[in-house]
Amino acid sequence: MSADVPSAAPPRATDRPGDASPFALGLLLRQAHWRAAAVMTEALRPLGIELRHFAVLIVLSDRGPTVQRDLAAATGSDKAGIMRVVDDLERKGLAVRKAVPGDRRVRAVEITPSGVELFDAAHVAAEPMAERLVAGLGPGEAEQLRDLLTRFAYPVDG
């Protein structure tokens, strides 16, 4: 008669370094995101904006005038959330809503010259913070991390 050998319990997700569960990568990315977001929030605070505002300014700077539904999709926001952010940006003089020719119901959001100025100032303010984020990495590792995360976030279908 052979004894029943209990099978090993499946790994349980934790947020500790070295976690071997199937959720480990997601948990680690979440922790890294929180850390980076906190540092970038600190850089933006003196400029009077939050990350959600800066995310919209990034899209507007990159794409030019953009309709709100596309801003929502590009920033992972919902319709109500993007409306609040655009309202904030308009109040601060950083963006304006303009009519879209041919469709009176649709408004495109456009970055203003003040928005561009603040966008550039945010990059200057974030530079030392970004360096602080990767200070614990060795030579070339920040670039390697950026490359790996880029490939992870934007997989090439093939």
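Count residues from 1 along the sequence. Computation of the quantities below employed the complete heavy-atom set of this structure, encompassing side-chain atoms and omitting hydrogens, waters and symmetry-equivalent molecules. The shown structure was predicted, so the numbers you read here are calculated from the model rather than taken from an experiment.
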(request) Sequence neighbours left out, what pairs pass salt bridge (Lys or Arg N to Asp or Glu O under 4.0 Å) with at least one residue falling in residues 111-130? (result) none
(request) Find the distance between CZ (Arg151) and CZ (Arg146) and round it off to the nearest 0.5 Å. (result) 13.5 Å
(message) To the nearest 0.5 Å, what is the distance between CG on Leu94 and CG on Leu118?
(response) 5.5 Å
(message) Donor-acceptor check, side chain of Lys92 to backbone of Gly48, threshold 3.5 angstrom: yes or no?
(response) yes
(request) Indicate, with yes or no, if Val116 and Ile58 share a hydrophobic cluster defined by side-chain heavy-atom contacts under 4.5 Å among Ile, Leu, Val, Met, Phe, Trp and Tyr. (result) yes
(request) Identify the two heavy atoms, one from His53 and one from Leu89, that lie closest to each other, and give their separation to 0.1 Å. (result) CB-CD2, 3.8 Å
(request) With sequence neighbours excluded, give me every ring-ring contact (aromatic ring centres under 6.0 Å, His included) pair touching residues 59-90. (result) none
(request) Measure the CZ-CG distance between Arg52 and Leu57 for me, rounded to the nearest 0.5 Å. (result) 12.0 Å
(message) Looking at Arg63 and Asp70, is there a salt bridge between them, counting it only when a charged N and a carboxylate O are closer than 4.0 Å?
(response) no
(message) Strictly distance-based, threshold 3.5 Å: is any side-chain N or O of Thr66 a donor or acceptor partner for the main-chain N or O of Gly64?
(response) yes
(request) Hey, could you give me the OG1/CD distance between Thr41 and Glu50, rounded to the nearest 0.5 Å? (result) 8.0 Å
(request) Please determine if Asp87 and Arg91 form a salt bridge, counting it only when a charged side-chain N lies under 4.0 Å from a carboxylate O. (result) no
(message) Please evaluate residues Gln68 and Lys79 with respect to the criterion side-chain contact (heavy atoms from CB on, under 4.5 Å), reporting the C-alpha separation (whole Å), side-chain torsions for both, the decisive distance (0.1 Å), and the verdict.
(response) CA-CA 8 Å; Gln68 288 184 180; Lys79 183 179 175 181; 6.0 Å; no
(message) For the CD1 atom of Ile49 and the CZ atom of Phe119, what is their distance to the nearest 0.5 Å?
(response) 9.5 Å
(message) Would the distance check show the side chain of Glu90 and the main-chain N or O of Arg97 forming a donor-acceptor pair, the cut-off being under 3.5 Å?
(response) yes
